[in-house]
There are 2 protein chains.
Amino acid sequence: MKAKEKILQAAYDCFSKRGYTGATTREIARLAGVSEVTLFRLFGNKKELFREVLINFSVIPDLRSISIPEGSGSEVLAEVGRKIFLSLKEKKEFLKILLSEITGLAEEAREVYSHFVETFEYLLLEVFSSVFSSSSCSELREKVRVFGAALFGFFVSEEIFQGKELSPEEIDSFIETLVRFLSGGSH
Amino acid sequence: MKAKEKILQAAYDCFSKRGYTGATTREIARLAGVSEVTLFRLFGNKKELFREVLINFSVIPDLRSISIPEGSGSEVLAEVGRKIFLSLKEKKEFLKILLSEITGLAEEAREVYSHFVETFEYLLLEVFSSVFSSSSCSELREKVRVFGAALFGFFVSEEIFQGKELSPEEIDSFIETLVRFLSGGSH
DNA sequence: GTTAATAGTAAGTACTTACTTACATCTTTA
DNA sequence: TAAAGATGTAAGTAAGTACTTACTATTAAC
């Protein structure tokens with residue numbers, strides 16, 4: 001692994017553990033096993049390094065790579081919900097960085113987040129319109145909103161705030177309930 | 001207003017704007033209109049001040065003070081949802097602090113958050129068991145989870161991440177959709 | 001084998017941070 | 001009026017921060 005990669009990975013770990021202000025270039029360099037001078041030569045300054053971390057470890061590619069599976073309506077929804085949740089889980093540290101800097105470093109973080117929301121909603125809208133083909137456009141968007149908010153809220157609350165590592169069964173259980181309500185029946 | 005109160009208020013503003021590490025005792029004192037020495041005399045150190053801010057500006061009292069209104073099932077749910085959302089909105093800055101410090105300052109922040117989740121779920125369970133009196137206990141808890149996650153996720157995503165200030169109509173619209181799905185019918 | 005790129009070491013700069021000490025001023029209370 | 005408490009000013013400490021400069025060592029390319 002080249003120095004640049006090692007630094008990016010160390011910065012990712014360090015920013016997610018200590019936040020932007022809390023992370024120091026010294027510690028990042030030490031973790032990466034390179035000198036601090038190398039860090040500054042390759043990235044110029046701390047903020048630029050942060051920006052590159054946000055680009056390199058984004059959850060977006062994971063979301064984009066999710067394909068719509070075959071099956072009945074409820075099955076498709078549940079499967080996509082599962083995949084989204086797992087993508088979020090895999091990029092948990094990245095999301096922690098985003099969370100911890102959303103107030104302080106507004107510009108960069110908010111930009112990345114907006115992009116995330118767009119991709120998220122676009123993907124869901126695609127899925128929902130294939131599953132609920134008879135629904136109106138506004139009806140679809142309502143469902144996407146509720147589904148997205150519930151999934152995201154569940155993830156943030158359990159995995160990030162409470163620091164839990166949910167098992168596949170716990171995730172499935174939540175998603176199946178959610179899909180049941182959205183599909184119209186409560187039984 | 002006494003010095004202690006002024007400092008607490010200034011610290012609240014400053015922590016929510018810059019995060020724990022980003023906020024400085026100098027700026028807090030300046031904002032409060034007191035000397036930095038007074039700050040240290042009254043609070044000992046920065047961490048202790050932070051702890052007192054978390055206690056003083058918690059969203060818990062707001063949540064606890066929510067009473068269950070009269071009306072049909074759906075009306076009650078929607079009204080409670082609205083009240084919860086408004087409580088969150090009122091303590092938005094407090095929640096930003098919690099969010100930005102959940103990873104860095106784990107102990108204090110996580111403790112406060114756990115307390116928040118408990119109160120949140122307890123309140124919802126009370127409401128749901130009066131609204132869906134025929135549902136089983138596990139069914140009730142499932143509904144509470146979905147309702148809570150969706151409400152919280154919607155708030156965090158829109159108000160905190162995207163920095164929007166949602167109008168009462170937008171809030172109502174989301175909550176009504178959510179209640180409709182949870183009440184079993186999609187029409 | 002020379003050159004150019006990539007890394008490291010050592011030292012230092014200019015600044016900021018949390019926090020302290022010593023002493024003076026004002027206000028309230030007894 | 002005297003004592004006690006709360007606040008301010010001025011100055012400083014020790015440590016940490018991002019970032020720089022000057023120079024050296026290693027590696028790969030031509």
Side-chain angles (χ1 to χ4, degrees), chain A residues 1-57 96-98 100-109, chain B residues 1-57 96-98 100-109:
Chain A
M1 208 162 34
K2 291 261 163 193
K4 195 153 186 169
E5 284 174 67
K6 287 193 291 183
I7 294 170
L8 276 174
Q9 181 62 51
Y12 176 66
D13 295 342
C14 210
F15 283 136
S16 66
K17 201 184 291 172
R18 311 204 191 280
Y20 177 79
T21 325
T24 70
T25 51
R26 186 184 303 176
E27 189 182 4
I28 292 170
R30 200 179 44 81
L31 276 175
V34 304
S35 73
E36 215 181 335
V37 180
T38 302
L39 185 154
F40 281 106
R41 264 199 282 251
L42 292 175
F43 295 93
N45 56 53
K46 189 182 176 184
K47 206 160 184 178
E48 193 52 48
L49 171 59
F50 182 72
R51 207 169 288 141
E52 293 219 33
V53 167
L54 287 188
I55 294 168
N56 268 270
F57 293 88
K96 278 187 187 174
I97 298 179
L98 221 54
S100 67
E101 293 313 322
I102 202 71
T103 58
L105 261 184
E107 328 103 54
E108 286 88 352
Chain B
M1 205 161 38
K2 291 261 166 199
K4 195 154 185 169
E5 283 175 68
K6 288 194 290 183
I7 294 171
L8 276 174
Q9 182 63 50
Y12 176 66
D13 295 341
C14 210
F15 283 135
S16 65
K17 200 184 291 171
R18 310 204 191 280
Y20 177 79
T21 326
T24 70
T25 52
R26 186 184 304 177
E27 189 182 4
I28 292 169
R30 200 179 44 83
L31 276 175
V34 303
S35 73
E36 215 182 335
V37 180
T38 302
L39 185 155
F40 282 105
R41 265 198 282 250
L42 293 175
F43 295 93
N45 57 53
K46 190 183 177 184
K47 207 161 184 177
E48 193 53 47
L49 171 59
F50 182 73
R51 207 169 290 142
E52 292 220 32
V53 166
L54 287 187
I55 295 167
N56 267 270
F57 293 88
K96 279 187 187 174
I97 298 180
L98 221 53
S100 67
E101 294 311 321
I102 202 71
T103 57
L105 261 184
E107 329 103 55
E108 285 88 353

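Computed from a predicted model, the values in this text were never measured in an experiment. Chain A is the first sequence line, chain B the second, and so forth, proteins listed ahead of strands; every chain is numbered from 1.
- Near-neighbour residues of DNA chain D inside residues 27-38 of chain B, defined by a heavy atom below 4.0 Å, number-ordered: B/Gly33, B/Val34, B/Ser35, B/Val37, B/Thr38.
- Map B/Lys46 and B/Arg41 each onto its nearest nucleotide of DNA chain C; the residue landing nearer the 5' end is B/Lys46.
- Taking each heavy atom of B/Ala10 and B/Ile28 in turn, the nearest pair found is CB-O, 3.5 Å.
- Each of B/Phe43, B/Phe57, B/Phe15 was scored for a ring-ring contact (aromatic ring centres under 6.0 Å, His included) with B/Phe50, with one residue passing: B/Phe15.
- Rounded to the nearest 0.5 Å, atoms CZ (A/Arg51) and CG (A/Leu54) are 9.0 Å apart.
- Ranked by how close their nearest DNA chain D nucleotide is to the 5' end, B/Lys6 and A/Arg26 are led by B/Lys6.
- Taking atom NZ of B/Lys2 as the reference point, atom C1' of C/dC26 lies 13 Å away to the nearest angstrom.
- Using a 4.5 Å heavy-atom threshold, the side chains of B/Leu42 and B/Val34 count as separate.
- Using a 4.0 Å cut-off between a side-chain N of Lys or Arg and a carboxylate O of Asp or Glu, B/Arg18 and B/Glu27 qualify as a salt bridge.
- Close approach of DNA chain D to chain A, defined as any atom under 4.0 Å from a non-hydrogen atom of the protein, starts and stops at D/dT17 to D/dT21.
- Both the sub-6.0 Å distance and the 45° axial angle are satisfied by B/Lys46 relative to the ring of B/Tyr20.
- Of the candidates C/dA7, C/dA18, C/dC19, C/dC19 carries the atom nearest the B/Asn45 side chain, counting heavy atoms from C-beta on.
- In this structure, CZ on B/Arg26 lies 12.5 Å from SG on B/Cys14, to the nearest 0.5 angstrom.
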Let me have the donor-acceptor pairs involving side chains of residues 2-9 of chain A, under 3.5 Å, with sequence neighbours excluded, atom names and distances please.
unit_1, atom_1, unit_2, atom_2, d
A/Gln9, NE2, A/Asp13, OD1, 3.3

